[in-house]
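These notes are about the structure you will find just below.
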Amino acid sequence: EMCIRDSSLVVAIVKGDLGRASGKRYIAKSFEHLRYRLEISPTWLFETFVQHEYDQFRRLEMRTLMGVGAAIRVLRGKRFNSTWGLAYMPEYERLRADEETDAGREYIFNRASGYVSGAIELDERIQLVQTFYLQPRIDEPEDYRFLSESQFVVHLTEHIAQTTALSIAYDTRPPQAIEKLDTTLKSSLTYSF
């Protein structure tokens, strides 16, 4: 996270996971997200973002998207906040070339991306953060993705934090051989500047 001016914010997220056990790969994925937020007023925000994702075991060779939208600060206190946002989000997705009948297929969809995010500071160092995303296709709303991200953050220093995160993802139309529901529990160290 990096503040450019008092009225704007840039957030860059880069994640990669690679795991092997007994000589076999059991996890291989990457995720990059860049978001720019401009404060139009104390309540209204303009947002734009780009994202890339790869996940071998979800059969996702590539998912790229971009979005533009607005957000509103619904609650803003000294120790808590809540923001709601809505964006237009075109996405491109290509599946891995494998033995499944949908192998190598490419999709381009126009989606809406809505989110509700909230954070509460339990003390100076401990924070709970909850975000819900809903991303329906604009032309076919019953094809949607839902994501819940819960984070328990302990700030160890001014720049370093330990985060325990629970992610619950649901896709109404996943690729063949992939479950609709996916959950992940992860602990990580993060650095902010």
Side-chain angles (χ1 to χ4, degrees), residues 1 10-36 47-69 85-117 129-153 161-191:
E1 244 176 62
V10 173
V11 177
I13 300 169
V14 178
K15 298 179 189 178
D17 294 307
L18 182 62
R20 289 185 162 299
S22 302
K24 292 185 180 180
R25 186 183 293 179
Y26 68 91
I27 190 169
K29 59 184 177 179
S30 65
F31 176 87
E32 303 85 31
H33 182 93
L34 180 64
R35 179 175 297 258
Y36 173 73
E47 296 183 311
T48 186
F49 54 90
V50 293
Q51 181 175 302
H52 170 268
E53 188 175 2
Y54 161 80
D55 191 329
Q56 178 182 355
F57 294 97
R58 281 181 34 227
R59 301 190 51 238
L60 192 59
E61 187 68 31
M62 178 191 301
R63 180 179 184 225
T64 59
L65 57 90
M66 59 184 163
V68 62
L86 184 62
Y88 165 67
M89 186 184 82
E91 73 173 353
Y92 166 79
E93 188 173 276
R94 184 176 67 233
L95 300 182
R96 188 179 73 211
D98 56 21
E99 67 281 351
E100 299 296 332
T101 58
D102 64 350
R105 286 205 183 146
E106 297 176 286
Y107 303 96
I108 296 175
F109 295 126
N110 292 298
R111 293 187 182 272
S113 179
Y115 72 88
V116 175
S117 182
V129 181
Q130 177 64 54
T131 306
F132 298 104
Y133 297 91
L134 182 62
Q135 298 175 336
R137 270 178 55 186
I138 293 173
D139 63 331
E140 210 172 314
E142 59 274 7
D143 177 359
Y144 65 88
R145 295 186 176 122
F146 171 79
L147 176 65
S148 169
E149 292 187 336
S150 307
Q151 296 180 332
F152 180 73
V153 183
Q162 189 279 325
T163 302
T164 302
L166 173 64
S167 294
I168 301 170
Y170 183 81
D171 187 348
T172 59
R173 294 189 185 159
Q176 290 176 3
I178 303 299
E179 297 289 327
K180 289 184 177 185
L181 183 64
D182 187 23
T183 58
T184 306
L185 180 64
K186 190 181 284 188
S187 184
S188 60
L189 285 175
T190 57
Y191 179 82

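The shown structure was predicted, so the numbers you read here are calculated from the model rather than taken from an experiment.
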N/O donor-acceptor pair under 3.5 Å between [X] side chain and [Y] backbone:
X	Y	value
Q130	E149	yes
N110	I138	no
R63	E91	no
T64	E53	no
R94	E61	no
Q176	T101	yes

Do you know the tightest heavy-atom contact between [X] and [Y]?
X	Y	result
R96	F57	NH1-N, 4.4 Å
F49	L65	CE1-CD1, 3.6 Å
L34	A12	CD1-CB, 3.9 Å

- What residues form a side chain to side chain contact (heavy atoms under 4.5 Å, CB included) with A103, not counting sequence neighbours?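 Listed in chain order: R59, D98.
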- Item | With sequence neighbours excluded, residues passing side chain to side chain contact (heavy atoms under 4.5 Å, CB included) with T172 |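 If we apply the side chain to side chain contact (heavy atoms under 4.5 Å, CB included) test to T172, skipping adjacent residues, the hits are D143, Y144, Y170.
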- Check the pair L147, Y115 against side chain to side chain contact (heavy atoms under 4.5 Å, CB included), reporting the backbone distance first and the verdict last. CA-CA 9 Å; L147 176 65; Y115 72 88; over 6 Å; no
- Task: Let me see the working for K180 and D171 under side chain to side chain contact (heavy atoms under 4.5 Å, CB included), right down to the final yes or no.
- Result: CA-CA 5 Å; K180 289 184 177 185; D171 187 348; 5.6 Å; no
- Query: Do Y92 and M62 pass the side chain to side chain contact (heavy atoms under 4.5 Å, CB included) test, and can you show the C-alpha distance, the side-chain angles, and the key distance before you say yes or no?
  - Reply: CA-CA 8 Å; Y92 166 79; M62 178 191 301; 3.8 Å; yes
- Message: Using 0.5 Å steps for rounding, measure from the OG1 atom of T183 to the CG atom of L181.
- Response: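 Output value for this atom pair is 6.0 Å.
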- Item | Between CD on residue Q51 and CD on residue E32, distance to nearest 0.5 Å |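 Answer rounded to 0.5 Å: 9.0 Å.
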- Assign the ring pair F132 / F146 to parallel, tilted or perpendicular, where the plane angle (0 to 90°) is split at 30° and 60°.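 Aromatic pair F132/F146 classed parallel.
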- Query: side chain to side chain contact (heavy atoms under 4.5 Å, CB included) between I27 and D55: does it pass, once the steps are laid out?
  - Reply: CA-CA 8 Å; I27 190 169; D55 191 329; over 6 Å; no
- Message: Atom CD of residue position E179 - does it have more than 12 heavy atoms of other residues, nucleotides or ligands inside 6.0 Å?
- Response: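 No, not enclosed.
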Sequence neighbours excluded and cut-off under 3.5 Å, please list the side-chain donor-acceptor pairs for residues 14-22, or say none.
{"residue": "D17", "atom": "OD2", "partner": "K186", "partner atom": "NZ", "Å": "3.0"}
{"residue": "R20", "atom": "NH1", "partner": "G23", "partner atom": "O", "Å": "3.4"}

- Item | Qualifying residue for salt bridge (Lys or Arg N to Asp or Glu O under 4.0 Å) with E93, from R145, R173, R58 |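 Exactly one candidate clears the test, R145.
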